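Note that this is a predicted model, so its numbers are computed, not measured.
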Amino acid sequence: SMPAATQRKIGSQPYPSSTSCREPERREPRTKGVPANRALLVADIENLMGGPFTGHTALRAALRSMREVAHLRPTDHVILGCNPRLASEVALLKEAPRLVVRQGPDGADLALLETIADYRWIAARYDRVIIGSGDGIFAFAAAQLVNLGITVGVVARKESLSGALANKATYVRLLPPPFVGLQLVA
């Protein structure tokens with residue numbers, strides 16, 4: 001069971017109208033020319049689809065759900081991470097201008113963390129960072145960005161949401177259960 005503070009932050013209301021979301025005070029000035037309210041979504045697509053071997057249908061469903069739940073806008077940026085076996089399939093879908101690939105345990109997570117490792121640079125260019133994963137490995141990065149005054153959201157599956165990550169995030173949105181509305185053909 002998650003702590004009460006985490007339960008209060010979890011919801012599906014659209015950002016920013018959610019009353020459970022308390023915005024941190026920005027400490028890093030926005031770079032000149034960067035549009036206000038721009039978000040960066042970094043997502044471990046394998047985590048969102050329930051594993052690397054769940055199939056093409058799960059991949060498409062996870063990408064669609066992620067975009068809906070994250071409330072992305074045309075000016076927002078997306079970086080997807082995955083393992084090499086899934087990379088060509090993800091790339092063909094053209095869901096993100098940037099795809100990072102790494103094999104091994106936590107490979108996609110580590111590749112995504114490298115893309116946001118310069119926290120001040122990220123904070124100067126984005127008002128929101130959305131982490132598309134429930135893995136606790138992102139908790140430190142979330143805390144660093146919140147400390148710089150950046151709103152950090154998490155989009156994750158309920159069963160894979162780390163309490164440590166949820167506690168560091170500004171808000172959490174849960175993806176609908178996988179395969180809802182999908183019919184399997186025999």
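V146 pairs by the side-chain contact (heavy atoms from CB on, under 4.5 Å) definition with P24, V152, T170, not counting sequence neighbours. Looking at residues two or more places apart in sequence or on another chain, you find no ring pair (Phe, Tyr, Trp, His ring centres under 6.0 Å) involving F138. For E89, the side-chain contact (heavy atoms from CB on, under 4.5 Å) test picks out H56, L59, L86, with sequence neighbours left out. The side-chain contact (heavy atoms from CB on, under 4.5 Å) search around A43 returns L41, L48, M66, L80, not counting sequence neighbours. The salt bridge (charged side-chain N to carboxylate O under 4.0 Å, His left out) search around R30 returns D127, not counting sequence neighbours.
The two atoms that bring A70 and I130 nearest to each other are O-CD1, 3.8 Å, heavy atoms only. Considering all non-hydrogen atoms of both residues, A143 and K168 come closest at CB-CD, 3.8 Å. Contact detail for L93 and R60: the closest heavy-atom pair is CD2-NH2, 3.2 Å. Across all their heavy atoms, A142 and I131 have their closest contact at CB-CD1, 4.1 Å. When all heavy atoms of P176 and V69 are compared, the closest pair comes out as CD-CG2, 4.2 Å. In terms of heavy-atom proximity, I116 sits nearest to A141 at CD1-CB, 4.0 Å.
Not one N or O on the side chain of T75 forms a donor-acceptor pair closer than 3.5 Å with the backbone of R38. Formation of a donor-acceptor pair under 3.5 Å by the R157 side chain with backbone atoms of N47 is found in this model. D76 places a side-chain N or O within donor-acceptor distance of the main-chain N or O of R73, the cut-off being under 3.5 Å.
Looking at heavy atoms from C-beta onward, R26 lies in side-chain contact with I150 at the 4.5 angstrom threshold. Considering only heavy atoms from C-beta on, I79 stays 4.5 Å or farther from H77 through its side chain. At a threshold of 4.5 Å between non-hydrogen side-chain atoms, the residues R125 and L40 do not count as touching. Residues W121 and T31 have side chains not in contact (no heavy-atom distance under 4.5 Å, counting atoms from C-beta outward).
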Can you list, pair by pair, the side-chain donor-acceptor contacts under 3.5 Å of residues 100-112, counting residues two or more places apart and other chains?
from, atom 1, to, atom 2, distance (Å)
R102, NH1, E114, OE2, 3.4
R102, NH2, E114, OE1, 3.0
R102, NH2, E114, OE2, 2.7

Stepwise side-chain contact (heavy atoms from CB on, under 4.5 Å) test for L175 and V155: CA-CA 7 Å; L175 291 175; V155 171; 3.5 Å; yes
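Tested against Y119 for a side-chain contact (heavy atoms from CB on, under 4.5 Å), the candidates V129, L145, N147 yield a single pass: L145.
Grouping the Ile, Leu, Val, Met, Phe, Trp and Tyr side chains by contacts below 4.5 angstrom, directly or via other members, places V34 apart from L148.
From S65, atom OG reaches atom CG of L174 across 12.0 Å, with rounding to the nearest 0.5 Å.
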